[in-house]
Structures are given as structure tokens and as C-alpha cells.
Amino acid sequence: MPTATATQTRKTGQPKPLPQPNSDFYQFAATLGADELAMLKRVRTFMETKVAPIINKYWVEDAFPFEVLPAFKELNVGGLGIQGYGCPGGSQLLVGLVAMEMARFDASIATFFGVHSGLAMGSIALVGSEEQKKTWLPPMARMEKIGCFGLTEPLVGSGTGAGLTTTAKREGDTWVLNGQKRWIGNAPWCDVSIIWARDVADNQVKGFIVENKTTPGFSVEKMQNKIALKVVQNGQITMKDCRVPDANRLAAGAQSFRDTARVLRGTRYYVGWETTGCQMGAYEHALKYAQERLQFGRPIGSFQLIQDLLAKMLGNITACQCMVARAAQLADEGKLTEKQSALSKAFTTAKTRETVSWARELLGGNGILVDYNVARFFADAEALYSYEGTYQMQHLIVGKTVTGFSAFV
Ligand SMILES: Cc1cc2nc3c(=O)[nH]c(=O)nc-3n(C[C@H](O)[C@H](O)[C@H](O)COP(=O)(O)OP(=O)(O)OC[C@H]3O[C@@H](n4cnc5c(N)ncnc54)[C@H](O)[C@@H]3O)c2cc1C
């Protein structure tokens, strides 16, 4: 966007180039090996050249940019972190850095990918049978089939562990699903839904792979009027006597809500990466603006109070990067606990709210115009703060661990 521009002038009178915004201040990307770094760079180029130029338009229109899907598929990142079944594998650090890189340009695209690859494919990889993995993961890795993850309901959000109302009733080799799911990302247009429902026989939560486009009784209504992550299409799903074969029940490892929580353990700290990327995007746009915007005849970036805002933002970003990078190491070693994941999610999303509001403040009035980008990150941070378990729920998990007392009601 046009702003009055500034350059720093040397004593010689020659203009001195200003530093390029770089939110990877402690060089986390440099810790990847050559192959993984090359993949990260491919993602960066894709986001920079295909997504960044068009994303504000889609954000304003509440629409998903299907035009970028062919190039997205060519990245070969579907099922990143999952070994075998046509998936590319990769370290947890790469999985995280890719999510961060996507969100650095747009948190909706990172969320679309996180729901498909992390939540939907991750459920099948973690708690599906060998047969289910062979059937579903390869086409999902190629992104020929896109997935969603249906846990939240209109009347049950934070309380899904205890109060799911969607029911599953076994009739011979078939399960009959009834109920509603709300807020389900990708649901209005995707192909495969992972639906969590309560088995009426044993009262335990079980997971089902539903081919939503061809299953009678399955319908989705797109949710309207969101003020955050507007590019992600969220849906309210209604299931009326949906019949799903027993072969589609996530049978290997999904016997109770504990197994759903195992999936969320990985994806919650993944939100930590996404939200850190969201801060990075806001910071980099704000810094560039500070270098270019003139007031009182000088770039606002030369004012002490503006530099204070920028240093605080970079401190938040770096603290979050350190936290999620250590969580990735623990995940790679198979040691990441639900509690550690919860603390990462709560801390990084809370810091994101601070960072994006400082970035918005730095832009003055232009901070509330989508055209200057920061407003998009500012609004999107609100959804990251609440989804996949709110700040309060994460702190209740951490609080129970450190005190030994459960404060859950
Ligand atoms: C953009 C977006 C995308 C989403 N995508 C998906 C998706 O793909 N799939 C899916 O299944 N879900 C999805 N969700 C749902 C999301 O996970 C829920 O919104 C979230 O878990 C919170 O539930 P709720 O909105 O019903 O809030 P509620 O549970 O009603 O909570 C309202 C408030 O009460 C607080 N609260 C609740 N219980 C307690 C307690 N015991 N103690 C203290 N405070 C409490 C909460 O922290 C919150 O501040 C998405 C949500 C959003 C906004």
C-alpha cells in the first residue's frame, strides 16, 4: 500500500539500505537439515507468490481461494510428519515451522491445512486401523480428498470430554449417527469428516470416518458473519440417521475420549506454531510500515516509543518460538505431554493477542484497514485464542498438573 517512504542517509549522503523485516531473529529455520529447509523454502515461496497477493480479497469476501489448491498440492506437504502411506514424513520441527511459515502470511491457510493434515489425517494415523490408514491417508496426502474434524457441538464446546450429545448406535455392521457439530473447519466443502460421537451402548466417545458427500442424512450449513479466520469455511453439520459401516469406525485406538485427547495433544501445540506465525506476520508488516511511514518529517520507526513496541513484539515472538521448538523436540522423542501442549497453546495464543494489538497500534488508523494486512492478523488472533480448547481450559489442565487439584467442574 502507498505510504510516504524513507531511507536512512549516511553521513556521506549515500542512502543506506534499511534492514529487511526478519522475525526469525534467533534463526530457528537454520536448525533444519538441508532437505527440510528446502521444503520450508518451497512453502515460503508458495505463500509469498500465490497466497499473499490475493488473500485480503478472499478474507473480505468470506471465501476460500480454491485457485491456489493446485499449487498447494504440488508442495507435497499433505500428511507432513506422518510416516508412510504416501505421506512425506518429516520432523516435528519441520511440521511446526511449516505451520508457522503459512501463518506468517495467513492464519486461515495455516488453519485449513492444520485441520486437514493435523486433525483429520492425524486422527486416522494415530487411532485408525492399518486398513483405514491404507485406504484414506494416500488420497488425503495428495490432497485429492480434504478432511475435517467434528468434535464441537452447538451446545457443547469446552465440555466435549464429558457431554457430547451426538450419538452412535450400532446396528449389525453399521453405525447410525445422529446429532449436530458446529464450527467445523473445511466442512462446507470437504470430502472426509472425522466425527466424534457417544456410543449409546457403553457411553464412550468413538470416532468415525464419514464420507460426507455421499452419506445420506449428512448435511452442512456454512457459518456466516465471522470476524476472524474468514477464509476458513466453518460449517454446522447435521446428521440424521447417517449410516456408517463398522469398517469406518476408528477402531484401533479410539475407544474413549482419552483417544480424542491424544489427537488434540499434538494439534494443540501445533496451534502454538500457527499463532507464533500470526505474530510474525503482524510484526513484519508493522516493521515495514514503521520504516516507511513519515510523521513530523521522520520515519515513525525512528521514534523511541515505536521501537519499544517493535522490541516487545520481537521478544514475544522469540519466546513463543523457543517454547514451541522445545515442544517439537519433546514430540519427536515421543515425550510431549498433554500438559506441556496445553501450556504452549495458552501462552503463545495469549502473547499473540498482545503482539497483534501492538502491531495494529503502530499502524494508527491504517491498522484497522484490511488493505494494510495487520488488521487481518489482528482479527485472526481471536480465533486462535479460542479454538482447539480455550485459554481457560488449557490453564485448568496445567493447574491440575502443578497443584495436584482438579478445578474442572
Ligand atoms: C474459527 C474456529 C474454528 C473452529 N474449528 C473447529 C473444528 O474444526 N472442529 C471442532 O470440533 N471445533 C472447532 N472449533 C470449536 C472450538 O474448539 C470451540 O470454540 C472451543 O473449544 C470453545 O468452545 P465454545 O466456543 O463452545 O466455548 P464455551 O465452551 O461455551 O466457553 C465459553 C467461555 O467459557 C469458558 N469456560 C468454559 N468452561 C469453563 C470452565 N469449566 N472453567 C472456566 N471457564 C470455562 C471458556 O474458556 C470460554 O471463555 C472452532 C472454533 C472456532 C472459533
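In this chain, residues are counted from 1 in sequence order. Both counts, for ligands and for their atoms, begin at 1 and track the order of listing. Treat the numbers as computed from the prediction; the structure is a model and nothing was measured.
- Residue contacts with ligand 1, taken as heavy atom pairs separated by less than 4.0 Å, do not involve K181 at all.
- Nearest protein heavy-atom neighbour of atom 29 (O) of ligand 1: S158 OG, 2.6 Å.
- Within the 4.5 Å cutoff, no side-chain heavy atoms of L155 are placed close to those of T165.
- Atom 9 (N) of ligand 1 has as its closest protein heavy atom F149 O, 2.8 Å.
- Residue I184 approaches ligand 1 through these ligand atoms, each under 4.0 Å from one of its heavy atoms: 7 (C), 8 (O), 9 (N), 10 (C), 11 (O).
- Compare F408, Y385, Y391, W183 by their heavy atoms: the one nearest to atom 53 (C) of ligand 1 is in W183.
- There is no protein heavy atom less than 4.0 angstrom from atom 32 (C) of ligand 1.
- Centroid-to-centroid, the aromatic rings of F72 and F113 come within less than 6.0 Å.
- For atom 42 (N) of ligand 1, the nearest protein heavy atom (residue, atom name, distance) is L396 CD1, 3.7 Å.
- Among protein heavy atoms, atom 8 (O) of ligand 1 sits closest to G185 N, 3.0 Å.
- In terms of modelled atom types and a separation under 3.5 Å, the side chain of S117 and the main chain of G79 share a donor-acceptor contact.
- Partners of T49 by side chain to side chain contact (heavy atoms under 4.5 Å, CB included), not counting sequence neighbours, listed by chain and number: T45.
- Taking 4.0 Å as the cut-off between side-chain N and carboxylate O, E388 and K345 do not count as a salt-bridged pair.
- Summary of contacts: the protein heavy atom closest to atom 47 (O) of ligand 1 is T390 OG1, 2.6 Å.
- For atom 22 (C) of ligand 1, the nearest protein heavy atom is under 4.0 Å away.
- The shortest N or O to N or O distance between T152 and ligand 1 is below 3.5 Å.
- Remark: minimum distance from atom 39 (C) of ligand 1 to any protein heavy atom is reached at M393 SD, 3.8 Å.
- Each of V220, T152, I195 was checked for a side chain to side chain contact (heavy atoms under 4.5 Å, CB included) with K181, and the lone residue meeting it is I195.
- At a 4.0 Å heavy-atom cut-off, ligand 1 does not touch A228 at all.
- Remark: aromatic rings of F66 and F64 are close, center separation under 6.0 Å.
- Taking the six-membered ring for Trp and the full ring otherwise, H395 and Y391 have centroids separated by under 6.0 Å.
- Of all atoms in ligand 1, numbered sequentially from 1 with element shown, those under 4.0 Å from a heavy atom of G389 are 21 (O).
- In terms of the ring pair (Phe, Tyr, Trp, His ring centres under 6.0 Å) criterion, Y270 has no residue partners (sequence neighbours excluded).
- Counting protein heavy atoms only, atom 26 (O) of ligand 1 is closest to G157 CA, 3.1 Å.
- For atom 44 (N) of ligand 1, the closest non-hydrogen atom on the protein side is Q392 CB, 3.8 Å.
- In this structure, CG on D380 lies 10.0 Å from OG1 on T275, to the nearest 0.5 angstrom.
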